[in-house]
Enquirer: 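Have a look at this one before I ask anything.
As the structure lists them, so they are numbered: ligands from 1, and atoms in each ligand from 1.
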Amino acid sequence: MSLIVMKFGGTSVGTAERIRQSARLVVEGAQQHQVTVVVSALSGVTDLILRSVTAARKGAESDVESLLREMEVRHQTVMDALLEGSEREPVRKQVHGVIDEFRSFCRAVLLLRSTTPQVLDVALPMGEEMSAYIFAATLRQLGAKGEFVDSSRVLLTDDRFGDASPDMEGTRRNAVEVLLPLLQAGSIPVVTGFSGANSKGQPTTLGRGGSDSSATIIGAALDCDEVWIWTDVDGVLTADPRICPGARSLPEITYAEAIELSYYGAKVIHHKAMRPVMDAGIPIWIKNSFQPRAVGTKIAAVRTADQAASSPVKAVTAVVPASLVTLTTRSDMHYAEVFGRLFLRFGHDNTDVLFSTQSSSENSLGLVLRDAETEHVSAALHKLFRVELKHGVLDPIRIRRDIAVIAVLGETMRGTAGVLGRLFTAVAGRNVSVIAVAQGASELNICFAVEALRAADAVRAVHDEFLGRDAGQEQRWGLGSSQSLKSGV
Ligand code: ASP
Ligand code: MG
């Protein structure tokens with residue numbers, strides 16, 4: 001029997017009805033496969049935890065109490081609608097036990113008025129803990145042997161609290177010890193997503209949206225056949241349907257394309273989630289739990305040949321807002337002397353640059369960043385180059401806000417002549433002026449910056465040119481696409 005790891009995101013377990021539907025998908029899958037489930041918290045619950053902790057840090061006791069109430073009511077409503085008979089009381093106790101624990105946690109923070117990433121990682125996994133209790137019970141109600149499994153028993157990580165990475169060898173050992181016996185006994189383990197534990201047994205989390213990674217890490221550790229990510233869109237789309245009504249889901253993309261796509265704004269899968277399964281070549285499927293019959297998108301090492309022929313461009317995304325930071329050195333300086341130190345610093349700080357351009361004749365370096373990174377990068381640059389700026393070795397740092405980065409992606413652009421020409425002709429046809437451009441040597445993506453206000457026009461220009469016209473369908477845009485909001489491609 002093949003082994004599938006199924007991950008359900010927050011919207012797929014957002015309400016009693018969603019949980020019931022998702023549990024049915026598991027039971028259905030379990031007729032043909034061995035299934036391990038990984039769940040996210042009910043949608044919005046991780047945010048609720050963070051808001052409560054923030055309120056506690058500020059000493060806002062009554063806010064903390066009302067947020068805790070909200071969390072309680074949310075879960076109680078779901079349990080009331082979902083659980084019957086003998087499942088009801090024990091699960092209620094488990095869930096309220098978690099909330100009581102979180103209440104104590106908040107009390108401690110109210111006293112201390114501070115937290116650290118390590119301390120936060122004690123509270124952050126609690127949303128997943130509650131949803132996994134509820135999900136496992138729902139499976140049992142449907143006649144399957146759902147079994148709650150705390151990820152701290154399986155997923156071994158390093159010590160980087162808030163953004164931990166897996167120790168694959170240790171996780172494999174744990175998976176064999178904890179999950180395999182359950183699977184062999186015909187149970188369906190329901191593992192809490194998002195978190196794990198370090199070698200001392202202290203809880204860690206994998207970063208926001210980390211449940212996708214939990215699924216692929218556990219999938220790789222179990223040497224599973226496929227990982228299915230159940231979400232609320234029909235797979236990976238060619239563009240954000242709010243911008244391009246003609247956007248459609250891609251039947252197949254490669255791991256490399258999926259990483260690029262998620263890095264540049266597509267929200268269907270976390271960019272770190274591909275790593276664990278890439279080496280083993282385990283395919284990932286993105287499926288819509290609201291439309292389970294839709295095929296979805298397969299993410300694998302290579303795509304089938306006929307598709308490669310269709311279009312060199314697979315998808316277009318936009319990162320808005322972004323900013324452009326320009327550094328210019330005096331002409332008698334070698335730029336590398338200055339810029340070398342800069343990238344070393346970025347490495348230490350884990351600063352993500354969307355793309356950069358460097359021109360030797362102008363002695364300048366352009367850094368395109370997510371807008372949220374601008375302030376701290378600017379502060380870091382002014383500190384790092386204090387002396388150079390003071391003595392005019394570097395010109396004053398220029399910062400331009402309100403730009404957007406358009407990323408055009410597709411592995412088959414490599415070796416296809418004329419893509420750049422077509423691309424920028426199409427963009428120019430909409431009268432959009434391009435501020436900066438980069439095409440990676442891997443030719444996997446082309447990134448360019450435009451004014452933020454023109455981002456949608458640029459995306460449409462590219463989509464029309466390479467992925468089919470959506471002219472005449474503009475009216476549909478904005479109507480009834482709430483389900484697509486999360487696709488964010
Ligand atoms: N619940 C966590 C979050 O919202 C993890 C996840 O859903 O992937 O970030
Ligand atoms: Mg989530």
Side-chain angles (χ1 to χ4, degrees), residues 5-15 18-19 22 36-54 67 70-71 74-75 78 95 98-99 102 105 115 117 120-135 148-152 154-155 157 160-166 190-197 203-219 227-233 236 258-259 262-263 265-277 284-290 299 372 485-488:
V5 173
M6 292 193 187
K7 179 255 169 177
F8 292 89
T11 50
S12 297
V13 293
T15 62
R18 299 309 313 149
I19 295 174
S22 296
T36 296
V37 173
V38 173
V39 283
S40 283
L42 273 57
S43 52
V45 166
T46 308
D47 286 328
L48 211 49
I49 292 175
L50 280 171
R51 278 161 59 206
S52 313
V53 176
T54 305
L67 289 163
E70 193 179 330
M71 189 181 295
R74 178 86 191 277
H75 289 86
V78 166
V95 168
V98 176
I99 293 174
F102 185 53
F105 179 93
T115 51
L120 258 185
D121 276 358
V122 173
L124 280 172
M126 290 181 181
E128 273 71 10
E129 207 181 329
M130 293 186 279
S131 68
Y133 280 132
I134 298 172
F135 201 98
F148 172 91
V149 177
D150 193 320
S151 61
S152 63
V154 181
L155 216 153
T157 75
R160 198 172 175 138
F161 297 100
D163 189 25
S165 299
V190 179
V191 188
T192 56
F194 186 34
S195 61
T204 54
T205 56
L206 305 173
R208 289 307 304 271
S211 295
D212 289 345
S213 298
S214 305
T216 54
I217 292 164
I218 289 167
V227 175
W228 295 6
I229 307 281
W230 289 102
T231 176
D232 55 4
V233 284
V236 179
I259 291 171
S262 48
Y263 187 75
K267 293 192 181 66
V268 267
I269 183 163
H270 196 278
H271 69 270
K272 282 194 200 157
M274 261 65 70
R275 270 284 148 223
V277 289
I284 303 171
W285 281 90
I286 310 290
K287 286 170 170 288
N288 189 350
S289 70
F290 294 74
I299 306 173
L485 291 182
K486 238 194 81 185
S487 70

Enquirer: Whether D232 and R18 form a salt bridge (side-chain N of Lys/Arg under 4.0 Å from carboxylate O of Asp/Glu) is what I want to check.
Expert: no

Enquirer: Which option wins on minimum heavy-atom distance to atom 7 (O) of ligand 1: A273, G10, S40?
Expert: S40

Enquirer: If you look at every heavy atom in L42 and V13, which pair is closest and at what distance?
Expert: CG-O, 3.2 Å

Enquirer: With a 4.0 Å cut-off on heavy atoms, is G210 touching ligand 1?
Expert: yes

Enquirer: When you check the gap from the basic side-chain N to the acidic O, do D163 and R208 get nearer than 4.0 Å?
Expert: no

Enquirer: Using heavy-atom distances only, which candidate in S195, A41, S211 approaches atom 6 (C) of ligand 1 most closely?
Expert: S211

Enquirer: Please give me the minimum heavy-atom distance between M274 and I284, naming the atom from each residue.
Expert: SD-CD1, 4.0 Å

Enquirer: Going by heavy atoms, is G209 under 4.0 Å from ligand 1?
Expert: yes

Enquirer: Show the atoms of ligand 1 that are less than 4.0 angstrom away from any heavy atom in R208.
Expert: 3 (C), 4 (O), 9 (O)

Enquirer: Report the part of E128 in contact with ligand 1, treating N, CA, C, O as backbone and CB onward as side chain, heavy atoms under 4.0 Å; options are side chain, backbone, both, neither.
Expert: side chain

Enquirer: Looking only at heavy atoms, which two atoms of V38 and S214 are closest? And how far apart?
Expert: CG1-CB, 3.9 Å

